[in-house]
Visitor: 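Here it is, the structure, as structure tokens.
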Amino acid sequence: MEKWYEVPEKESSNVIYSRIRLVRNWKEYPFPGKMTGEQNEEMTRRLCEGLTGLGTPVYLNRMSELEKTALLERRAINRGASRKKEPSALILSEDERAGVVLNGDDHIRIQILEKGLSLASCYEKADKTDDYIGERFEYSFDEKYGYLTPFPTNVGTGLRASVVVHLPMLSKKKNFNSLVADMGRFGTSIRGVYGEGGENFGSLYQISNQKTLGQTEKEIMDLVTKAAAELDAQERRLREEALKQRSLVRADEAYKSYGVLKYARRLTRKDAMEFLSQIMAGAADGIFTLRKPCSIYGLMLGVLPANLLRQAKKPLSREELDVVRADFLRARLPEIN
């Protein structure tokens, strides 16, 4: 079955994917971090037994570190769940669009992901899953504050709405940091998705709501959708202007990036992400067309270390990993017209 991240990007849109995350806690137990070892094991087992209608649970604490890191790279779990040593579990759909983490940072973490700007569709699916679980397990809920969680930033709706946008040109503008600050004042946060330190490999940025209390689910989704649409529109305007004024420069950047990825024998993660970003922009702007449908974002996930090591099925040095990364892209990057 095709994974959600293997769906090709929509033409002319810089919105890569949308995510809805709901967190809930079972009233019968203390919050994670306050439970005893016996309670951790008992609660996880009872949740797994009661939610088999959603799929087959797998215990995260019994997985190898490599498998958990690969799931983290593919956004199937969050960092808290990947690091947890106590019993925890994951119910994941075959296409990896829908996932429920049990006994992670919260007792229950529901997540739905879809390509494109589709928060409403994601929420509809997450809400159905929430109803299914809520019928079987009573949530910690307060009439005044809403859903209770161990993190104050999640109290209320427990909803985090996120959209990832590709901003290779807008992010290089001098006023980008002030734009980010302005959006923060309106209740959204923007952060780079991949990178180290101050760098952001691939120019992918996640826009999400800052508050979960005092706003309805619809208000939160409308806020994030509006912010993502505005960033997408600004990016498109800049790229259209660049195509008119510097068409040869834009084309040269895109074709050079394609050439490196198609023929390189060694690639660092940073270089792979940067060149894939140029190809994503080139294809979206019609500089060239891919002969076969392809998800460039899916290739970005594929070149991340844990997923490469998982495919290799053996330990690799950093240099060997760079060779495998180049092999991976040469084999999967379509020809262009």
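Because only heavy atoms are used, hydrogens play no part in the values below, and waters and symmetry mates are left out as well, while side chains stay in.
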Visitor: Any side-chain to backbone donor/acceptor pair from D232 onto A228? Under 3.5 Å, distance only.
Guide: no

Visitor: Kindly assign one of parallel, tilted or perpendicular to the pair F141 and Y147, based on the angle between their ring planes and the thresholds 30° and 60°.
Guide: perpendicular

Visitor: Please give me the minimum heavy-atom distance between S178 and N175, naming the atom from each residue.
Guide: OG-O, 2.7 Å

Visitor: Which heavy atom in L321 sits nearest to a heavy atom in P305, and how many Å separate them?
Guide: CD2-CB, 4.0 Å

Visitor: Check whether any side-chain N or O of S82 sits under 3.5 Å from a backbone N or O of R79 as a donor-acceptor pair, and report yes or no.
Guide: yes

Visitor: Give a yes or no on whether a salt bridge exists between E240 and K244, defined as a side-chain N under 4.0 angstrom from a carboxylate O.
Guide: no

Visitor: Can a salt bridge be assigned to the pair R45 and E49 using a cut-off of 4.0 Å between side-chain N and carboxylate O?
Guide: yes

Visitor: Do S171 and Y205 have side chains that approach each other closer than 4.5 Å (heavy atoms only, starting at C-beta)?
Guide: yes

Visitor: Establish, yes or no, whether the cationic atom of R19 lies under 6.0 Å from the six-membered ring centre of Y17 and within 45° of the ring axis.
Guide: no

Visitor: Are any of the side-chain heavy atoms of S18 and L113 separated by less than 4.5 Å?
Guide: no

Visitor: For Q39 and P30, work out which heavy atoms get closest and say how close.
Guide: NE2-CD, 3.8 Å

Visitor: Check whether F151 and L159 end up in the same hydrophobic cluster, where Ile, Leu, Val, Met, Phe, Trp and Tyr are linked by side-chain heavy atoms less than 4.5 Å apart.
Guide: no

Visitor: Do N103 and M35 come within less than 4.5 Å of each other through their side chains, counting heavy atoms only?
Guide: yes

Visitor: Would you find a donor on one side and an acceptor on the other, under 3.5 Å apart, between the side chain of T188 and the backbone of M183?
Guide: yes

Visitor: Within this structure, what is the CG-NZ distance for the pair N61 and K68, rounded to the nearest 0.5 Å?
Guide: 7.0 Å

Visitor: Is the closest side-chain donor-acceptor distance between N154 and R21 under 3.5 Å?
Guide: yes

Visitor: Could you tell me whether R325 sits above the aromatic face of F328, with NZ or CZ closer than 6.0 angstrom to the six-membered ring centre and within 45 degrees of the axis?
Guide: no

Visitor: Any chain of hydrophobic side-chain contacts (each under 4.5 Å) joining I20 to L117?
Guide: yes

Visitor: Is there a side-chain contact between T212 and T153 (heavy atoms, below 4.5 Å)?
Guide: no

Visitor: Give a yes or no on whether a salt bridge exists between R291 and E335, defined as a side-chain N under 4.0 angstrom from a carboxylate O.
Guide: no

Visitor: Do R265 and V323 come within less than 4.5 Å of each other through their side chains, counting heavy atoms only?
Guide: no

Visitor: Kindly indicate whether the side chain of L267, heavy atoms from C-beta on, has any atom under 4.5 Å from the side chain of V260.
Guide: yes

Visitor: Hey, does N25 have a side-chain heavy atom less than 4.5 Å from the side chain of L148?
Guide: no

Visitor: Kindly compute the distance separating CE (M300) from CD1 (I279), expressed to the nearest 0.5 Å.
Guide: 9.0 Å

Visitor: Report the C-alpha separation of D95 and K3 in whole Å, then their side-chain angles, then the decisive distance to 0.1 Å, and conclude whether the salt bridge (Lys or Arg N to Asp or Glu O under 4.0 Å) test is met.
Guide: CA-CA 4 Å; D95 59 11; K3 309 294 187 188; over 6 Å; no

Visitor: Set out, in order, the CA-CA distance, both residues' side-chain angles and the distance that settles salt bridge (Lys or Arg N to Asp or Glu O under 4.0 Å) for R269 and E73, then state yes or no.
Guide: CA-CA 13 Å; R269 179 174 66 126; E73 287 179 352; over 6 Å; no

Visitor: Please evaluate residues Y123 and K218 with respect to the criterion side-chain contact (heavy atoms from CB on, under 4.5 Å), reporting the C-alpha separation (whole Å), side-chain torsions for both, the decisive distance (0.1 Å), and the verdict.
Guide: CA-CA 9 Å; Y123 179 74; K218 185 179 185 304; over 6 Å; no

Visitor: Using the rule that Ile, Leu, Val, Met, Phe, Trp and Tyr join whenever any side-chain heavy atoms are under 4.5 Å apart, tell me whether L333 and F288 fall into a single cluster.
Guide: yes

Visitor: Would you confirm whether the ring centroid of Y139 sits within less than 6.0 angstrom of the ring centroid of W26?
Guide: no

Visitor: Is D106 paired with R24 through a side-chain N to carboxylate O contact shorter than 4.0 Å?
Guide: no

Visitor: Thinking salt bridges, do R330 and D327 make one under a 4.0 Å N-O criterion?
Guide: yes

Visitor: Establish whether I112 and L90 are linked, either directly or via other cluster members, by ILVMFWY side-chain heavy-atom contacts under 4.5 Å.
Guide: no

Visitor: Linking I/L/V/M/F/W/Y whenever any side-chain heavy atoms sit under 4.5 Å apart, do V193 and V224 land together?
Guide: no

Visitor: For R191 and N200, test the side chains for any donor-to-acceptor distance below 3.5 angstrom and give the result as yes or no.
Guide: no

